[in-house]
Amino acid sequence: MNKKAKRIQNTKSIQSLWQDAAPLLSEYLRHIGPPEEARRHFDAARVEFLKGLRALLDARIEHISILKTKGEKIAVE
């Protein structure tokens with residue numbers, strides 16, 4: 001078997017191993033992770049944090065928009 005074929009076979013083996021292990025790992029992490037109530041609080045906190053970032057960005061955008069001064073219109077005869 002050439003090197004390329006071995007590499008492809010190894011990649012498939014790793015993918016197969018991961019596909020078998022992923023559900024077990026997910027279940028284990030769920031088991032050792034925070035309780036559902038705590039998870040809901042963390043999710044809500046994450047949303048609130050992102051809303052705070054959005055408010056900061058909106059304020060900065062508004063500040064920069066105000067700083068741009070426009071020229072005056074001058075009537076030319």
Side-chain angles (χ1 to χ4, degrees):
M1 191 180 295
N2 63 25
K3 288 182 181 181
K4 186 175 180 179
K6 283 182 182 179
R7 193 174 1 183
I8 291 171
Q9 185 178 7
N10 287 342
T11 301
K12 287 181 180 178
S13 296
I14 291 170
Q15 289 172 344
S16 176
L17 177 65
W18 177 248
Q19 288 174 348
D20 293 341
L24 295 173
L25 181 60
S26 293
E27 184 60 33
Y28 175 71
L29 290 174
R30 241 182 262 118
H31 182 11
I32 65 167
E36 185 59 34
E37 184 179 352
R39 191 181 322 254
R40 283 194 308 268
H41 285 295
F42 293 144
D43 287 342
R46 183 174 30 241
V47 169
E48 291 302 318
F49 178 77
L50 292 173
K51 286 179 181 179
L53 287 177
R54 181 173 54 193
L56 288 173
L57 289 171
D58 288 343
R60 185 65 183 146
I61 290 169
E62 186 177 333
H63 177 74
I64 289 172
S65 297
I66 290 172
L67 292 179
K68 291 184 180 178
T69 56
K70 296 184 178 180
E72 272 182 48
K73 286 188 176 181
I74 300 176
V76 178
E77 294 180 23

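Please read these numbers as outputs of a predicted model, since none were measured by experiment.
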Seminar exercise, completed: Separation between CG (Asp20) and CG (Leu25), nearest 0.5 Å, reads 12.5 Å
Exercise. Which distance, rounded to the nearest 0.5 Å, do you find between the NE2 of His41 and the CD of Glu36?
Worked result: 10.5 Å
Problem set entry | Test: Glu37 and Arg40 ion pair at under 4.0 Å |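 Salt bridge absent between Glu37 and Arg40.
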Exercise. Step by step, would you call Glu62 with Ile66 a side chain to side chain contact (heavy atoms under 4.5 Å, CB included)?
Worked result: CA-CA 6 Å; Glu62 186 177 333; Ile66 290 172; 4.2 Å; yes
For this session: Let me see the working for Arg60 and Ile64 under side chain to side chain contact (heavy atoms under 4.5 Å, CB included), right down to the final yes or no.
Result: CA-CA 6 Å; Arg60 185 65 183 146; Ile64 289 172; 3.9 Å; yes
For this session: Using the side chain to side chain contact (heavy atoms under 4.5 Å, CB included) rule, pick out the option among Asp58, Leu50, Leu56, Leu57 that qualifies with Arg54.
Result: Asp58
